[in-house]
Protein chains: 2
Amino acid sequence: MSSEPVTSRPTLSTARVIEAAVALADREGLDGLSMRELAQRLGVVPMALYKHVANKDDLLDGMVDTVWAEVEAPSSDLGWREAMRRRSISLRSALLRHRWAVGMMESRMRPGPANLSRHDAMMGCLRRSGFSFRTTVHVTSVLDAYVYGFALQQKTLPFGTPEESGETAARKLEATPPELAAMYPHLLEVVAELARAGYDYDAEFLTGLELVLDGIEQLRPGWATADRAPRPPIGGHG
Amino acid sequence: MSSEPVTSRPTLSTARVIEAAVALADREGLDGLSMRELAQRLGVVPMALYKHVANKDDLLDGMVDTVWAEVEAPSSDLGWREAMRRRSISLRSALLRHRWAVGMMESRMRPGPANLSRHDAMMGCLRRSGFSFRTTVHVTSVLDAYVYGFALQQKTLPFGTPEESGETAARKLEATPPELAAMYPHLLEVVAELARAGYDYDAEFLTGLELVLDGIEQLRPGWATADRAPRPPIGGHG
DNA sequence: ACCTGAACACCGTTCAAGT
DNA sequence: ACCTGAACACCGTTCAAGT
C-alpha cells in the first residue's frame, strides 16, 4: 500500500528546503534567494514552505548551520598551532563555497548545533593547550576577525583568479586617465606591480595566517616554559 | 527676484541626498534605506531622487565615499607602525559610526575620490617606510582583513557595552538547559568567564591590532637594519 | 522641457476561503 | 484539519501623461 514515490520529486522536509535554499544562494547570491523563487525551484506553491520553516529568518538560521557543519572542528591532538591553522583554512573554504554566509556565521540569534559544537571544540582545544580564559578569547577574536575579514575582502573584490586579477588590474591601469595617475601615484604603482606579478588569494591568506599565528604564539602566557595554564600574573590582565 | 528660500527645506542636491541617506542608514540600517522612505524624509516624491543619483547603487557609491572621507589618511611622518595603528583605529571608528558600511568599503566598482586618496596614502606610507611592493600588499591585506573582520563581528554580535555583554552572557547562561551545558562544556566555561569579567570590544580590538602589528614588524624586509627600501633578497620573496 | 503619478514586476507574510 | 489563492504592504525603476 505505502509504495515509495519513485518520482524525481521527493516530499518536502525542513532539510530539503534548507538544502535547496543553500544551493540557490550559492548560485544566485542572497539577493536571488526569495521564498517565491525557492518554492518554484522545489515545484511547490510559496506558502507550502511555511510548513517547514517558520519564516525566512528561520530558514537562514538553518542554512548557516549547514555551513558550520562543513567546518572542521579543531582537535588539540595536533597541537594548538596546527589545529588553529587547519580550522582557519577549513572555515575559509566553507566561506568560499558559500559566499553569502560571510557575515552571517556569528550573527544568528539562535545558533544551531553545528555552530555550538565547532565553537566548543575551538575553546576546548585552546584551553587544553594551556591558554588562559582571557587569552583564549583574544585568540578566537583575532583569528576569526582575520578569517572573516579576508573572506569578506575576497567576496567583495572584483577579481577571481591570480591571472584574472592581473588582467583586471592591467586593464584598469590602461583605462586610468593621466590626471588620475598623477593624483594617486603610489596606488597606481602598487596596482601596476600586481598587474605584473598577479595576485594569489590563497597564498595571500596563508601568509597573513602565519603572521597572525606568530602573534598568537607570543600572546600565550608561559609559552616558553609551561605547557598548561599557569597561575594568573599578579597585576591581572589589564 | 531670486529670493533665498528661508524654509527649513533647502533645495535638493546630490550631496544632500547622500547625506540624508547616510543618516537614514545609520539610524535604520541598510534594510531601512529605501528610495521611497528616503524621499519621504526629504519631503519629495520618490522619482525626484533620480535627478540627483542614477539609481540606488549609485547612491550607495556616494554613501561609501562619504565614510572614506571620515577615515584618517596615514602619514609616514609618524613612522609606519604608528601610522598604521592610527589608520586602523580611524577606519574602525568610521565603521562603528556607519555599521551598514562594513562589507561595502572595498566592494564598490567605481571607487570615489576619498577612497582612492586614502588607499594612495596607505601605499605611499608603506613604500616610503621601506616595505617592498609585495610586502606592502601583505600588510594591507592582513590589516584590512583584521579591521573589517573585527568590525563585522562587532556589528553582528548581539551585545554592545562590556557590561551589557556580561549581562547578556549571564542571561544566556542561566537560560541554558542542563543537557546543552553538558554537550558544550568548554564553550559554557568561556562564556561564564566573559559574563564574570565583561567583554570590552575596544580593548579587544587594540590587543589584536598590536598582535598583527607585531607580525608585520617581522614581515618587513631589512626591518632590523635599514630604514629605507633594501634591495630585494636573492631568492625573490618566495 | 521638466516633473511626477501610475504602472510594472517584484518581495515576505497574513488571512480567509476552499477542499 | 489541511492547503492555498488572493490580498496586504512593501520594493526599485520605467514610462507615459500632464503641465
Side-chain angles (χ1 to χ4, degrees), chain A residues 1-2 5 7 9-66 100-101 103-104 107-110, chain B residues 1-2 5 7 9-66 100-101 103-104 107-110:
Chain A
M1 293 303 148
S2 64
T7 72
R9 191 163 304 298
T11 59
L12 228 52
S13 67
T14 302
R16 245 182 67 73
V17 169
I18 290 172
E19 180 193 3
V22 168
L24 177 55
D26 287 349
R27 202 154 348 114
E28 309 286 345
L30 263 195
D31 286 346
L33 173 68
S34 76
M35 300 298 276
R36 292 164 126 104
E37 178 66 22
L38 177 59
Q40 196 175 345
R41 304 230 172 179
L42 284 164
V44 300
V45 86
M47 285 312 298
L49 300 176
Y50 287 81
K51 284 272 105 99
H52 302 99
V53 293
N55 48 41
K56 193 174 186 180
D57 214 58
D58 186 41
L59 173 62
L60 289 171
D61 281 341
M63 294 169 68
V64 167
D65 215 51
T66 285
W100 51 267
M104 305 181 54
S107 74
R108 302 283 90 197
M109 286 301 170
R110 261 178 264 59
Chain B
M1 292 301 151
S2 65
T7 71
R9 192 161 306 295
T11 60
L12 228 51
S13 67
T14 303
R16 245 181 69 73
V17 169
I18 291 173
E19 179 193 5
V22 168
L24 177 55
D26 287 349
R27 203 154 349 114
E28 309 286 344
L30 263 195
D31 286 347
L33 174 68
S34 75
M35 298 299 275
R36 290 164 127 104
E37 178 67 22
L38 178 58
Q40 196 175 345
R41 303 229 174 181
L42 284 165
V44 299
V45 86
M47 285 313 297
L49 300 176
Y50 287 80
K51 284 274 105 97
H52 302 100
V53 293
N55 49 39
K56 194 175 184 178
D57 214 58
D58 186 42
L59 173 63
L60 289 172
D61 280 341
M63 293 169 68
V64 167
D65 215 52
T66 285
W100 50 268
M104 306 182 53
S107 73
R108 302 284 93 196
M109 287 299 169
R110 259 178 266 61

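Just so we're clear, the structure is a prediction, and the values are computed from it rather than from any experiment. Only heavy atoms go into these numbers, but all of them, side chains included; no hydrogens, no water, no symmetry mates.
- Within residues 46-58 of chain B, the residues that place at least one heavy atom under 4.0 Å from DNA chain C are, in residue-number order, B/Met47, B/Lys51.
- Taking 4.5 Å as the limit, every side-chain heavy atom of A/Ile18 sits out of range of all side-chain heavy atoms of A/Asp65.
- Shown here for B/Met63 and B/Ala25, the closest heavy-atom pair between the two residues is CE-CB, 3.8 Å.
- For residues 44-63 of chain B, the salt bridge (Lys or Arg N to Asp or Glu O under 4.0 Å) pairs, not counting sequence neighbours, are B/Asp57-B/Arg108, B/Asp61-B/Arg108, B/Asp61-B/Arg110.
- For DNA chain C, the residues of residues 30-38 of chain B within the heavy-atom distance limit of 4.0 Å (strictly under) are B/Arg36, sorted by number.
- You'll find the side chain of B/Arg36 reaches within 4.5 Å of the side chain of B/Pro46, heavy atoms only.
- With rounding to the nearest 0.5 Å, the separation of CD in A/Glu37 from CG in A/Leu42 is 10.5 Å.
- When side chains are defined from C-beta on, A/Leu49 does not count as touching A/Leu59, because their heavy atoms never get closer than 4.5 Å.
- A nucleotide of DNA chain D counts as in contact with chain B when one of its atoms lies under 4.0 Å from a heavy atom; the first and last such, 5' to 3', are D/dC11 to D/dC15.
- B/Leu60 CG to B/Trp100 CH2: the interatomic distance, rounded to the nearest 0.5 Å, is 7.5 Å.
- Listed by first residue number, the stems of DNA chain C with at least three Watson-Crick or G-U pairs below 3.5 Å are C:4-8 with D:12-16, C:12-16 with D:4-8.
- Rounded to whole Å, the separation between the P atoms of C/dC8 and D/dG18 comes to 16 Å.
- Within 6.0 Å of atom CD in A/Gln40, 12 or fewer heavy atoms from other residues, nucleotides or ligands are found, so the atom counts as exposed in its surroundings.
- Every residue two or more places apart in sequence or in another chain that forms a salt bridge (Lys or Arg N to Asp or Glu O under 4.0 Å) with A/Glu28 is listed here: A/Arg41.
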